[in-house]
Q: 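Below are the structure tokens for one structure; questions will follow.
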Amino acid sequence: QPNRPGKESLAPATRQYKDLATECSRLQIACDLFVAGAAGGFGDLASLGCLSRYTGGTLRHYPAWQSTPEQIMQVAGDLSQHLALLPGWE
């Protein structure tokens with residue numbers, strides 16, 4: 001639905017990340033992103049998400065980041081689990 005209000009905010013603000021994703025994909029590099037956002041802050045996940053989307057990577061978002069022990073343990077667990085995955089080779 002192209003006329004839906006607010007839909008334009010879901011589009012990347014710049015082509016820079018999409019161009020980088022295209023180059024990474026050409027070189028068979030997957031981009032995995034772990035993004036922590038400050039409470040009340042703005043993060044352009046639509047633009048950053050291009051890197052993960054077009055390279056076959058993943059995007060993990062941790063909103064309202066305050067560096068509490070619980071949040072640190074969550075990220076450490078997610079990162080540990082992610083690093084334990086077997087890589088895919090062509």
Side-chain angles (χ1 to χ4, degrees):
Q1 296 174 341
N3 294 329
R4 199 165 99 199
K7 183 137 175 115
E8 64 278 352
S9 66
L10 299 177
T14 177
R15 287 194 46 90
Q16 177 182 359
Y17 293 111
K18 186 172 182 180
D19 294 342
L20 177 60
T22 302
E23 183 65 15
C24 288
S25 182
R26 186 183 70 77
L27 297 171
Q28 298 181 354
I29 297 171
C31 295
D32 300 309
L33 304 173
F34 292 78
V35 180
F42 173 77
D44 189 3
L45 295 179
S47 293
L48 285 174
C50 287
L51 286 171
S52 298
R53 184 178 317 117
Y54 295 122
T55 64
T58 59
L59 171 66
R60 301 220 181 174
H61 180 230
Y62 304 94
W65 181 262
Q66 295 180 354
S67 193
T68 64
E70 294 82 17
Q71 289 176 323
I72 291 170
M73 291 302 296
Q74 180 184 4
V75 172
D78 290 348
L79 188 57
S80 176
Q81 181 182 27
H82 187 74
L83 291 173
L85 294 173
L86 294 174
W89 302 102
E90 185 175 314

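Residues take their numbers from the sequence shown, with the count starting at 1.
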Q: Can you name the nearest heavy-atom pair linking Thr55 to Cys24, along with the distance?
A: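 So the two residues come closest at CG2-CB, 3.8 Å.
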Q: Please step through side-chain contact (heavy atoms from CB on, under 4.5 Å) for the pair Gln74 and Asp78, ending with a clear verdict.
A: CA-CA 6 Å; Gln74 180 184 4; Asp78 290 348; 3.9 Å; yes
Q: Are side-chain heavy atoms of Leu83 and Leu79 found at a separation under 4.5 Å?
A: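 In contact.
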Q: With the side chain counted from C-beta on, respond yes when Tyr17 and Leu48 share a heavy-atom pair under 4.5 Å apart, and no when they do not.
A: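 Heavy-atom side-chain distance check passes, below 4.5 Å.
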Q: Testing the basics here: between Thr58 and Ser52, what is the closest heavy-atom pair and its distance to 0.1 Å?
A: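 In terms of heavy atoms, the two residues are closest at O-OG, 2.9 Å.
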Q: Could you report the tightest heavy-atom contact between Leu45 and Val35, atom names first, then the distance?
A: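 Shortest heavy-atom contact: CD2-CG1, 3.9 Å.
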Q: Using modelled atom types only, decide if a donor and an acceptor are shared between the side chain of Ser80 and the backbone of Ala76 within a distance under 3.5 Å.
A: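 No; judged by distance alone, with no hydrogens or angles, the pair does not exist.
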Q: Could you pull out the closest heavy-atom pair between Cys50 and Ala21, with the gap in Å?
A: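 Closest approach of Cys50 to Ala21: O-CB, 3.6 Å.
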Q: Angle between ring planes, His82 versus Phe34, binned at 30° and 60°: parallel, tilted or perpendicular?
A: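 Aromatic pair His82/Phe34 classed perpendicular.
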Q: Decide whether Leu59 and Leu20 are clustered together by the hydrophobic rule: side chain heavy atoms of Ile, Leu, Val, Met, Phe, Trp, Tyr closer than 4.5 Å, transitively.
A: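 Per the 4.5 Å side-chain linkage, Leu59 and Leu20 are co-clustered.
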Q: Please answer whether the main-chain N or O of Ala64 pairs with a side-chain N or O of Gln71 as donor and acceptor at a distance below 3.5 Å.
A: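 Such a contact is found between Gln71 side chain and Ala64 backbone.
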